[in-house]
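Before any comments, here is the structure.
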Amino acid sequence: MGIKENIEKVEQNIKAACAACGRESGEVKLIAVSKTKPVPMLEEAYANGCRDFGENKVQELVDKYEIMPKDIRWHMIGHLQRNKVKYIVDKVFLIHSVDSLRLAQEIEKEAAKKGVSVNVLVEVNVAGEESKFGATVQEAVSLVEQIVQLPHVRVKGLMTIAPYVEDSEENRRYFAKLKQIYVDIIHKNIDNVFMEELSMGMTGDYEVAITEGATYIRVGTGIFGEREYTVI
Ligand SMILES: *Cc1c(COP(=O)(O)O)cnc(C)c1O
């Protein structure tokens, strides 16, 4: 199957998952995760309606940003090093991977310099996997409370990367947990928090994530096919 058919298939699945749980399909936004994929493949996705693209490396995001049309919303979904923040603050639509106050402070500093506000999600390692980045469940609320003090950083919601599993139902509890933290934060009525987005679900488990409340799903393989990592 080509990219066009893959996108159609994912969109059908989004509709079906929404219908099954009584949500409007417009509530779920699809991010085409284009990391490692060449520009012509992104152009094909663009030609078939994709305007949200996800990348996990700063250099790759910046390179593609320069080449691709300017109405694309770029999502930084990978671990972000503080010394690279300056390259993307004025290019990204949303940073999904803020997991420490120090990183948020660096985003604040660079955003203030460029006179922009940066939308971020706080990444939570809900499953507690040692190999993954993200704030712990225990830290998440206080981290949000601290980040909202920064005038050029806007907390728009939460993100998680669930474990790789054979049976996507196994991840339902993690998506439900992220939703619960999100609701807890809303109930705290913290000034300057705009809890609107839950970024959860990838190729293997996005339908389950949708039924648990995802507003952004991040789909790479399901659109572009398997990734090949070349060792340099
Ligand atoms: C690579 C990646 C995805 C997409 O994964 P697929 O399984 O290919 O859909 C989603 N989210 C993050 C954070 C990623 O790094």
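Counting convention: from 1, in listed order, for ligands and their atoms alike.
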Open item on the list: Test of understanding: given a 4.0 Å heavy-atom threshold, classify the contact between His96 and ligand 1 as side chain, backbone, both, or neither.
Closed with: neither

- [ ] List every atom of ligand 1 that sits less than 4.0 Å from any heavy atom of Gly220, numbering the atoms from 1 in the order shown and giving each element.
- [x] 4 (C), 6 (P), 8 (O), 9 (O)

Task: Protein residue, atom and distance nearest to atom 12 (C) of ligand 1, heavy-atom basis - done: Ile77 CD1, 3.5 Å

Task: Side-chain ion pair, Glu197 and Lys156, N-O less than 4.0 Å - done: no

Task: Lys57 bridged to Glu60 by N-O distance under 4.0 Å - done: no

Task: Heavy-atom nearest neighbour in the protein, as seen from atom 5 (O) of ligand 1, with distance rounded to 0.1 Å - done: Met202 CE, 3.5 Å

Task: Residues Lys188 and Glu145 bridged, charged N to O under 4.0 Å - done: yes

TODO: May I ask which of Thr221, Ile161, Ile223 has a heavy atom nearer to atom 8 (O) of ligand 1 than the others do?
DONE: Thr221

Task: Identity and distance of the protein heavy atom lying nearest atom 6 (P) of ligand 1 - done: Thr203 OG1, 3.4 Å

Open item on the list: Check this for me - ligand 1, Asn56, N or O atoms closer than 3.5 angstrom, yes or no?
Closed with: no

Task: Per-atom contacts, ligand 1 versus Val219 - under 4.0 Å to a heavy atom - done: 9 (O)

Task: Arg172 with Glu212: basic N within carboxylate O range, under 4.0 Å - done: yes

Task: Min N/O separation Gly222 to ligand 1 under 3.5 Å - done: no

TODO: Could you check whether the rings of His75 and Phe93 sit parallel, tilted or perpendicular, using 30° and 60° as the cut-offs?
DONE: perpendicular

Open item on the list: Between Met202 and Val219, does the side-chain contact (heavy atoms from CB on, under 4.5 Å) criterion hold? Intermediate values first, please.
Closed with: CA-CA 5 Å; Met202 318 192 343; Val219 179; over 6 Å; no

Task: Salt-bridge present (Lys15, Glu11; N to O < 4.0 Å) - done: no

TODO: Answer yes when Asp52 and Lys29 have at least one side-chain N-carboxylate O distance shorter than 4.0 Å, and no when they do not.
DONE: no

- [ ] May I ask you to identify the nearest protein heavy atom to atom 11 (N) of ligand 1, giving residue, atom name and distance to one decimal place in Å?
- [x] Arg218 NE, 2.8 Å

TODO: Among all protein heavy atoms, pick out the one at the shortest distance from atom 3 (C) of ligand 1; state its residue, atom name and that distance to 0.1 Å.
DONE: Lys35 NZ, 3.8 Å

